[in-house]
Amino acid sequence: MSLHPLAGKPAPHSILVNIPRLVSSYYALRPDPQNPAQQVAFGTSGHRGTSLAGTFNEAHILAVAQAVAEYRAEQGITGPLFMGMDTHALSEAAWITAVEVLVANGVDVRVEAGRGYTPTPLISHAILEHNREHNRHRSSNLADGIVITPSHNPPQDGGFKYNPPNGGPADTRVTKVIQERANQILRDGLIEVKRWPLSKALLAVGEFDFVTPYVSQLGSILDMEAIKAAGVQIGVDPLGGASLAVWQRIAEHYGLNLAIVNERIDPSFSFMTVDKDGKIRMDCSSPYAMASLIGLKDRFDVAIGNDPDADRHGIVTPDGLMNPNHYLAVCVHYLYQNRPQWQASLGVGKTLVSSSMIDRVAKHLGRRLVEVPVGFKYFVDGLLQGTLGFAGEESAGASFLRMDGSAWSTDKDGIILGLLAAEILAKTGKSPSQHYRDLEARFGSSAYSRMDAEANSAQKKALSNLSPEMVTATYLAGEPILAKLTRAPGNNEPIGGLKVVTENAWFAARPSGTEDVYKIYAESFKGPEHLERVLAEARALVGEAFRQAGVG
């Protein structure tokens with residue numbers, strides 16, 4: 001895809017979303033429950049859509065909130081439900097709808113005082129803290145949570161995520177139950193939805209301080225004293241998101257040399273620079289969306305960006321914005337050598353489309369690699385049970401254990417990943433980007449890319465259901481194929497596509513859940529030209545697999 005002329009430039013007024021129309025459409029437009037495009041659909045990160053297209057409207061949230069309340073009752077989840085939201089315009093509206101339904105169903109809902117914004121990692125942390133205490137006393141009064149966020153998606157989008165008592169994103173088994181029940185409620189005309197007026201519902205909601213326990217416990221997972229003592233100059237851009245109040249408190253509580261360079265909360269996100277495709281997208285791993293912070297790189301030792309719900313991180317050093325894969329590899333290399341209380345048995349978690357540099361680092365450290373399909377939900381049990389020390393995905397989402405090896409967050413946490421960059425500099429005297437150059441010198445230089453290729457619905461279905469035997473090739477870009485994977489080696493779960501591996505390269509192909517394309521991820525340790533050859537042959541291999549399946 002060619003670069004949009006506006007990429008990296010300040011967003012012009014002409015592309016800003018009409019917020020009054022967006023919010024009005026949330027209430028005024030009714031989705032067609034018979035239209036698959038307008039049904040409730042939980043992807044890798046909950047239900048997402050926009051009110052303007054009839055894909056995220058009041059009816060959806062009424063149905064989903066009722067389905068969650070019923071699921072909790074069926075599972076015997078009787079503790080508080082911690083609920084957060086980010087700064088997208090539709091998050092406010094969906095928050096109100098969800099509160100009205102949940103409290104009418106007798107759910108003990110806990111929210112930030114003053115209807116404040118609450119990042120995803122703080123919800124996960126609160127769930128784990130509550131349940132750790134209740135498990136200690138053998139109480140069954142377990143908590144769960146909801147985060148109303150479409151993550152880094154454009155301003156017109158809304159999103160709804162459910163986190164069960166394990167604190168992380170709900171797995172497919174759970175979301176399937178909620179999704180099917182919500183769509184049945186929609187088809188039945190919402191007659192089974194219990195709902196109170198907002199004025200009554202707010203009286204039943206409990207206020208909860210999410211920020212204080214999270215901030216005060218950061219010393220259990222990071223060396224905050226080292227960061228302060230080294231005087232690391234830290235710049236933070238919350239990108240107009242829910243982490244603003246958290247960063248303000250962190251700076252105050254720990255006395256850090258930390259400047260928040262953007263304190264604006266604006267649901268149109270008019271302060272953003274435009275992403276590569278001409279859309280406003282709060283993607284802290286995109287050099288185009290992060291152009292403003294990158295422009296300040298000479299002012300700070302480390303600069304940090306977070307998306308609106310703060311589950312993703314962007315790391316800027318004086319060398320510029322780090323590639324997310326590069327930073328994940330640095331984190332693995334540093335953490336497993338600087339957490340002496342971590343057990344030697346702790347594995348390294350990565351998604352199968354993350355860089356093989358992580359594989360090489362893990363092997364060098366003598367650590368078990370756990371490679372899973374795309375989706376942070378596959379890391380939840382490992383983090384909760386303390387069998388994974390670190391878990392990360394290529395889209396700049398990760399979490400890791402506390403110093404003592406216990407769980408901190410089982411959802412992605414962009415705040416601790418940002419502070420870890422400051423700790424690495426404080427403790428080693430080298431920036432994360434300098435550390436990555438050291439890794440390249442030891443393990444080789446990687447070229448990595450992701451592209452989209454056209455595919456119709458039949459082809460996408462065929463790609464999801466491929467068997468390794470349907471790939472007849474024995475070589476990829478001049479190297480013998482070592483593995484043809486349709487299941488992830490770390491947990492044997494279907495990857496919903498195909499991964500082909502050689503000694504120095506790999507590609508993975510997965511169908512898009514929302515567009516008529518499939519995504520190709522590829523990496524080569526033999527340079528950019530070899531990577532281009534891998535990408536070309538990947539398309540040919542997938543095309544041949546389509547023909548084998550009769551959809552070519």
Side-chain angles (χ1 to χ4, degrees), residues 1 285 322-330 332-333 348-365 367-374 392-396 436-453 455 463-464 466-490 494-512 517-546 548:
M1 184 177 67
S285 65
M322 287 195 73
N323 178 299
N325 275 306
H326 297 180
Y327 184 56
L328 294 184
V330 169
V332 170
H333 191 254
V348 177
K350 59 162 277 196
T351 51
L352 58 87
V353 296
S354 300
S355 172
S356 288
M357 180 66 86
I358 298 169
D359 306 42
R360 297 183 177 199
V361 170
K363 183 178 180 180
H364 169 74
L365 295 172
R367 295 289 180 163
R368 175 175 53 94
L369 186 73
V370 181
E371 189 174 21
V372 303
V374 173
E393 55 186 20
E394 83 297 336
S395 55
Y436 189 74
R437 286 199 291 273
D438 292 343
L439 295 183
E440 286 185 309
R442 177 177 292 181
F443 302 115
S445 181
S446 152
Y448 180 99
S449 183
R450 203 210 89 180
M451 62 178 290
D452 294 341
L463 183 56
S464 296
L466 273 183
S467 66
E469 294 74 29
M470 295 173 72
V471 181
T472 58
T474 56
Y475 279 78
L476 173 67
E479 291 192 317
I481 291 175
L482 302 178
K484 304 170 187 176
L485 304 172
T486 55
R487 290 182 173 270
I495 64 178
L498 170 71
K499 182 173 183 179
V500 174
V501 183
T502 70
E503 182 179 356
N504 292 295
W506 60 267
F507 81 83
R510 299 176 59 249
S512 168
V517 299
Y518 68 91
K519 303 175 188 296
I520 301 177
Y521 305 79
E523 183 176 34
S524 171
F525 280 82
K526 298 179 74 173
E529 290 185 6
H530 189 253
L531 175 64
E532 290 303 314
R533 188 176 169 189
V534 171
L535 287 166
E537 293 190 21
R539 295 189 65 170
L541 282 173
V542 174
E544 177 58 30
F546 285 161
Q548 292 261 355

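Note that these values count all heavy atoms, side chains included, but never hydrogens, waters or copies made by symmetry. All residue numbers refer to positions in the sequence shown, counting from 1.
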Heavy atoms only: give me the nearest A538-L476 pair and the separation to one decimal. N-CD1, 4.5 Å
Please find the pair of heavy atoms, one from F525 and one from S356, that lie closest to each other, and give the distance. CE1-CB, 3.8 Å
Looking at OG of S467 and NZ of K484, how far apart are the two atoms once the value is rounded to the nearest 0.5 Å? 10.0 Å
Is there a side-chain contact between R437 and E440 in this structure, where contact means two heavy atoms from C-beta onward sitting under 4.5 Å apart? yes
For L535 and A522 the tightest heavy-atom approach is CD2-CB, 3.6 Å
Inter-residue atom distance D438.CG - F443.CZ, 0.5 Å rounding: 10.5 Å
Within this structure, what is the NZ-OG1 distance for the pair K526 and T502, rounded to the nearest 0.5 Å? 8.0 Å
Worked verdict on V361 versus V348 for side chain to side chain contact (heavy atoms under 4.5 Å, CB included): CA-CA 10 Å; V361 170; V348 177; over 6 Å; no
On a heavy-atom basis, the closest approach of K519 and S512 is CE-CB, 4.2 Å
Is there a donor-acceptor pair closer than 3.5 Å between any side-chain N or O of E523 and the backbone N or O of S355? no
W506 vs V534 side-chain heavy atoms within contact, under 4.5 Å: no
Are K499 and E371 close enough that some pair of their side-chain heavy atoms sits under 4.5 Å apart? yes
For the pair K350 and L328, evaluate side chain to side chain contact (heavy atoms under 4.5 Å, CB included) and give the outcome as yes or no after the intermediate values. CA-CA 9 Å; K350 59 162 277 196; L328 294 184; over 6 Å; no
In this structure, which one of L498, V542, D452 forms a side-chain contact (heavy atoms from CB on, under 4.5 Å) with Y518? V542
What distance separates L482 CG from N504 CG, expressed to the nearest 0.5 Å? 9.5 Å
Under a 3.5 Å threshold, yes or no: a donor from one side chain and an acceptor from the other, between E544 and T472? no
Can you name the closest pair of heavy atoms from L531 and S449 and give their distance? CD2-CB, 3.7 Å
List the atom of E503, the atom of E479, and the distance in Å for their closest heavy-atom pair. N-OE1, 3.8 Å
Hey, could you give me the CG/CG distance between L369 and D359, rounded to the nearest 0.5 Å? 4.5 Å
Check against side chain to side chain contact (heavy atoms under 4.5 Å, CB included), M357 and Y448: CA-CA 11 Å; M357 180 66 86; Y448 180 99; over 6 Å; no
So do R510 and Y521 actually touch side chain to side chain, heavy atoms under 4.5 Å? yes
So Y436 and H326, would you call those rings parallel, tilted or perpendicular, with 30° and 60° as cut-offs? parallel
Tell me if a side-chain donor or acceptor on S354 pairs with a main-chain N or O of E393 at a distance below 3.5 Å. no
Gap between atom CD1 of I358 and atom OG of S446 - 0.5 Å precision: 10.0 Å
May I have the step-by-step check of side chain to side chain contact (heavy atoms under 4.5 Å, CB included) for R539 and M451, ending in yes or no? CA-CA 10 Å; R539 295 189 65 170; M451 62 178 290; 3.7 Å; yes
